[in-house]
Each structure stands twice: as C-alpha cells, then as structure tokens.
Amino acid sequence: MTNKIHFVIAALALLAGGICANAQTVIDTRNTSLVIKAEQGRHPQILYYGARLQPGDAASVGLNGKVFDLYPARFDRTSEPDALSVEMPDGNVSADLRTESVKESAWDGGKDIEILCKDPLYPFFTVKIFLRSYTEENLIETWAAIHNAGKKPVILHRYDSGFLPIQEGDVWMTSLHGGWADECRVVSQPLVNGTREVSTHGGVRDNAVAHSEVMLSLDGKPQENTGRVIGAALEYGGNFEMRVVTLEGTHRFFAGISPADAWYTLAKGEEFVTPKLAYSWSDEGLGGVSRNFHRWGRKYRLAHGGQPNDILLNCWEGVYMDIQEPVMHKMAADVASIGGELFVIDDGWFGSEKYPRDTDIQGLGDWQLQKKKLPHGLQGMVDCCKDLGIKFGIWIEPEMVNTRSELYEKHPDWVLNAAGREPVPGRGGTQMVLDLCNPAVQDFVFGILDGVMKQAPGIAYVKWDCNNIMRSPGSPWLKNQNHLYIEYQRGLEKVLNRVREAYPDLIIQACASGGARVNWGTMPWFDEVWTSDNTDALQRINIQWGTSYFFPAEMMACHVSASPNHQTGRVIPLKYRIDVAMSGRLGFELQPAQMTEEEKDICRKAVTEYKKIRPVVQCGDIYRLVSPYDGKGLASLLYTNEDKSQAVFFWWRTGFFRNDHPARVPLAGLDPAKNYKVTELNKVEGEPVSALDGKTVSGAYLMASGFYFPEKDVYNGHNDWHSHVILLEAQ
Ligand code: GLA
C-alpha cells in the first residue's frame, strides 16, 4: 500500500473522474496515515493522524474517540476554538463550511487532495482546503484558499493554515525561543488545560524570539530517539501564531499567520491563500521528525538543497567595518591557504560620500562602493579571489535604511512608520525598515542586489542581512494598515522571486542579526542561514542543537572565531571551537593574521578532514544522542549517510567538575550488521584520542555500548574543553 491514497468502500462508489463526495479518504505516506472524511453537504472532518494503518482499519478509526472538523470555523459548536473566523458583508460573524467536492490527484512525490467547501447561507464564500503528501519524507502539507465571489468585502478575523487534533494524554510541546545571540533555546512543557501560544509580532524576521516550528511529543517527556512525535512547521517568514488549546483533556493544534493587528479584508473577487503548514509524525522520537523535515527541506524547500555548501572566511569579527583592500587580499589569501573555498566581505564596504558606512549609525540605503576602502572595486576582489582559486561573496542589507543616508533624505516616505508618530529607529539609533509594500521600494530593493551583481558579475555568494523588526508599524503606501504585515511579506517574496529569476545559481545566506530569519517559509530563496551572531563554541552547541530540530546542518553556518570570544569573552581552545563548527557548515570568522602558524596548521588539517566528512555532515541523517539541555555535562550527536556506510560522531564536554565522569554514549542510526572502522579526526597534540581509534567494531556494539571517554588528565594543565570528532567507515 506504499505511496497510495485509498478510499474505503463508501468512497469508492462515488469516485468519478478524480472527484468524490461522501468519502472517507486515507492519505498514506511510507510510515503514516491521515484519515479525512469529506461528506457532501457536511463539514469535512479529520478522523486520524499517526502510524500507518493496516488495510481495513480506516473504517473504524472515526469511532474511536472525539472527531473534529478538518478546518474548524465558527458555526454550531460550543467551546471549540476556530481556524477560520470571518465577518460577512452583513455583519454575521459565523461561517459554515460544507463540503461541495473533493479532488485527488497524484504528483511525483505523493498525492494532492483539494476539498471545496461552501457556506450555504453565503454561497459566494468558499474555502478550499488543500492537503499534499510527501510519501518518502512522511510529511503532509496543508493550507487553505479563501475566496470571496460576492460583491462586497468579507473580513477575515482569523485565517489559520491548518488544524490538527492531538490525542488525549500526556502530550508535551517543545518550542524554540531566545533572543539575539541566544537563538533556538529548546523549551519543553507538558500541555495542560488552557492555551499555549507561540507567536511573533515583530513584522519582519522575528524568529530570534520564537520559531514557527513545534514538536508535540505524544508519550510524555520528549525523548530524542524513542516515542511518538508530531512536528509542525508553518512555512512563513512573517508574524505567525501557533497555539495548542487543551480542553477537557484533548489538545487542539492551530497554526497560521498571526491575526493580531492583521484582520484581512477580502475584496470582491479576491482569493486569500494561507501559507502552508507542514507536519510529520514519527515513532522514533524528536530525531525521527527532524530527519523527516531535513530530508523534505533539502529536497523541496532549500535553495540548492542537497548540494554541500562552501567553507568560507567572513571578515566581520576579524576587522568589523575597518575594510582595507590590502587586508582583504591578505585574508582571502589566508583562507585559500588553509583550504577554504570562499571569502566574504561583510558590512562596511559601501555608503555615500556624505554618509560612508564606517559605523552602524549611517549609510544603509546608499549602496555606492567606498573607493577609499576598495580602490579596485568589488570586481577587484572577485579577481583577487579568482587568482587564489576561491570564490568571493559580499554582505548587503537591502530591506533597511539609516535615517542618516541620502536615500532617507530623498524618500522619507519609503520608510515604515505609523502615521503621525515619531520614527522609532533600531540599531545605531537610526535604522528603519523600508516599505516593501510599495512597488517602487520593491524595485529599489531588487536593484540593490542587481546593482552589486552587475558591478562584479563573478560574485558567488551574498549574505542578505536584516537587522530590524517593525518598531513603528505603518506603511505610508498602504490604504489598509491591517494588511501591513501580510503585504510586507508579499513584497519581500516578490523581490526574492526576482532575485532568484535573475541569479538562480547565487548562494545566498539569510542573516537577521544572526538566526532571526530561520523558518521554512524563507528558505526557498536561501541556501543557508547565519545561525547566530554568537560564535562562542559552548553556547553554539545549544543554539545549533535547537536549530537542528527542523533544519539540516547544510544550512547552518558555523564559524570558528577568535578567543576570547567577542560575544561572551570566553576563552576556548581552538580544537574545541573547530570540533563544534564542524558539526554544521564549517567556516571561519576571525583575522587569520592574528593566528600562529601552529593554529593555521590545525585549521588546515581540520579543513582537509571536513572536506571528507562534509557530505555526511551537511546532507546526512542526524541522530542527536545526549542533549546539552539535559545538564549531563556533555552533548553528543551523530550523522550517517543514507546507506549507513559512513557516520560522523561528535562529542563535546559542556561542563567540568573534578571526578565527575561523563556518561558512556551509546550510538544510534548505524547498521548493526556493519563493521565500522573508527578514526579520530582533528587530532591535536596533547589531546586525548578514543581508545577505539584505528579499531574496527560492529554497529551493533557501537549502538549497545558506544563511546566512553575518561576524564582528561587534570595534571596537564587543561582539563576541560574536551571534545572528539570520530569518523566511522563501514568496511
Ligand atoms: C548583523 C549580522 C552580523 C554582521 C553585522 C554587520 O549583526 O548578524 O553577522 O553581518 O550585522 O553589521
């Protein structure tokens, strides 16, 4: 029954030309089933979502518990919250969604279902509910298209993308929160009666504080590799709201654009299509859901997904805005000499004569090259890197403007600001958000990227930054300010579509003061993200851990930076810093001129070894083993390739107390029947090496017993910052 949608008896009789009614529909993926009942003239319902059903089970699942509407709308229920809430032209605030027709069709990776619903009292008002299955990735997408064929506007007060009832029981929700330099902090809580909401309100790139992805663990406290889990991700970069409403012991999960200050007026003839909600079920714990999302994301959502990303040096923490051409040439040569593949000039290379970008208080908006900094222009840098055999990349922040810029002086009306209010700037006391609702501004923003690319056609990489939220929400261009958050996102997507049409091969990093723009709605235009401005290796373990819940290592930029660290002041040995950065997309963010030859050699060796393991790390399956959040004084994870012939194991000590022995770590995800050669990577003189280094042991042994690393020799002067990276190769 793999890769099949089958209809039970009642449905079969009515199936004609891909259209059916009175039907119960089972959407199977490799390991899961979703059962929908869409009977003509009735509300479509969801009867089951979970482990793959056996043939014949579907007929009974609807009898085994409370049944919910597939897309609840305010009508004839009591106490139930809604996915859709509307105000009809006559003021009626109810909607009654009754099935008109159901269509199913196959696509390469699974099936599509479209359920058309009509409101009998307002026949001009229709809602199409879509479901798309991804058979191999065990994932379902759902979304809605709300259409007003009437003569007068309908106001949408709430317009979620999707809804899922979650079974009764000890269900825990895991969500990702934080702030600048502390992204993706993992928060797990049991669901109790009431509402648990995760949402953002910053308008632009607000994922530093909260993420539009959650895990729902169905068997009590979340476990990494056991237990049933549903993971859900709203594919949207703007304000979102995810909420679980628990009533009488049953949990209801909703996800969509946040309706806060965003009632949407659906004009006559207009259709509003919600963003997609992607969800996945696994009985292999949080890790099972992560692997499903990583595989799906690499294949369907990430720009150039599945192609490993380059090892780069970004000059930001090395020189900040003090950009000087000879220094840039030297940095490019240094990264090339250790085996790096790309050099990136960060902020500070542009500005007008009046407002040169030498500090963060001015210059955004004036995208002229500062000749005094780069006399041979960006093309000079492209050529220099080409001669060195590496690629060149550049930083831009096109959605923003400083009030200290010629752009702002010329176009004060191009900036978001609530009418009549004093501007509320962000960074540097001068940074404002451009009004991407305005088509003229969209042209300008596209023109920034286009202009840079035309100045130096060999640019291979762009770091697209976005360092502000909407502090004073208001668009001088829009008539209906309730549409601001939605229209900004639409404007941005229009610009990004143009960028991708014009530059399909460009590698683009999404940066937003670090990881504030990490979501599956944004990634189709981007290749990777700047995971965090925090490059402290210890805190990065936690940040990267949370990010990996939904996003693959391929898109997680992880840079080795200087010690003491610029964000925390912590002093960490180079090996440990490298061992942490190697678990994502390895890069460097420091001034190599300040490194010793010995340190450069360590980096050179690490880069050579990383190139060997890069396909497994960046494009493999993750198995998280020991969480840094569990307070065990260590963290550990592993990546395997698809046929489990190669794996890379990471182990980092995260705390050190005398005579506090770190636990043995059994591995996961290997083939028990295979024998693996154990090779310790990143060996540095004086640092301990696994006792199994060079030995060959079975996958069964490694998964039963795993690795044990004794406490370091405390008398050699450095006893903490203990880490290992180990390659396992099937013989
Ligand atoms: C943001 C980014 C940093 C760097 C600076 C430049 O903070 O997150 O990586 O690019 O801007 O101003």
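One-based numbering, in listed order, for ligands and for the atoms of each.
Of all the listed residues (T535, N534, D465), D465 holds the heavy atom that lies closest to atom 2 (C) of ligand 1.
In terms of polar-atom proximity, C511 is not counted as a contact of ligand 1, lacking any N or O under 3.5 Å from an N or O of the ligand. Checking only distances, D347 does come within under 3.5 Å of ligand 1, N or O to N or O. Checking only distances, D346 does come within under 3.5 Å of ligand 1, N or O to N or O. No N or O atom of R357 sits closer than 3.5 Å to an N or O atom of ligand 1.
Under the 30°/60° scheme for interplanar angles, the aromatic rings of H211 and F551 are found to be tilted. Aromatic ring orientation, W296 versus W520: perpendicular (interplanar angle above 60°, classes split at 30° and 60°). Note on ring orientation: taking the six-membered ring where Trp is involved, the planes of F526 and W464 are perpendicular (angle over 60°, cut-offs 30° and 60°).
Put simply, the side chain of K600 never gets that close to the backbone of M595: no donor and acceptor are under 3.5 Å apart.
With ligand atoms numbered from 1 in the order given, ligand 1 contributes 8 (O), 9 (O) to contacts under 4.0 Å with heavy atoms of W530. For ligand 1, the atoms lying closer than 4.0 Å to a non-hydrogen atom of G514 are 8 (O).
The residue E589 has no part lying near ligand 1, judged by heavy-atom distances below 4.0 Å. Residue-level proximity to ligand 1 for N314 is absent, since no heavy atom of it falls below 4.0 angstrom. By the criterion of a heavy-atom distance under 4.0 Å, neither the backbone nor the side chain of D360 is placed next to ligand 1. Looking at K463 against ligand 1, only its side chain comes within 4.0 Å, counting heavy atoms.
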Verdict with reasoning, I311 to F588, per side-chain contact (heavy atoms from CB on, under 4.5 Å): CA-CA 8 Å; I311 302 162; F588 296 85; 4.2 Å; yes
Chi angles and distances behind the ring-ring contact (aromatic ring centres under 6.0 Å, His included) call for W395, W316: CA-CA 10 Å; W395 178 97; W316 179 242; 7.5 Å; no
Candidate pair Q442 and L436, rule side-chain contact (heavy atoms from CB on, under 4.5 Å), full reasoning: CA-CA 5 Å; Q442 293 166 17; L436 270 181; 4.0 Å; yes
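Nearest protein neighbour of atom 7 (O) of ligand 1, counting heavy atoms only, is D533 OD2, 2.9 Å.
Seen from the ring of W530, R585 does not count as a face-on cation partner, given the 6.0 Å and 45° thresholds.
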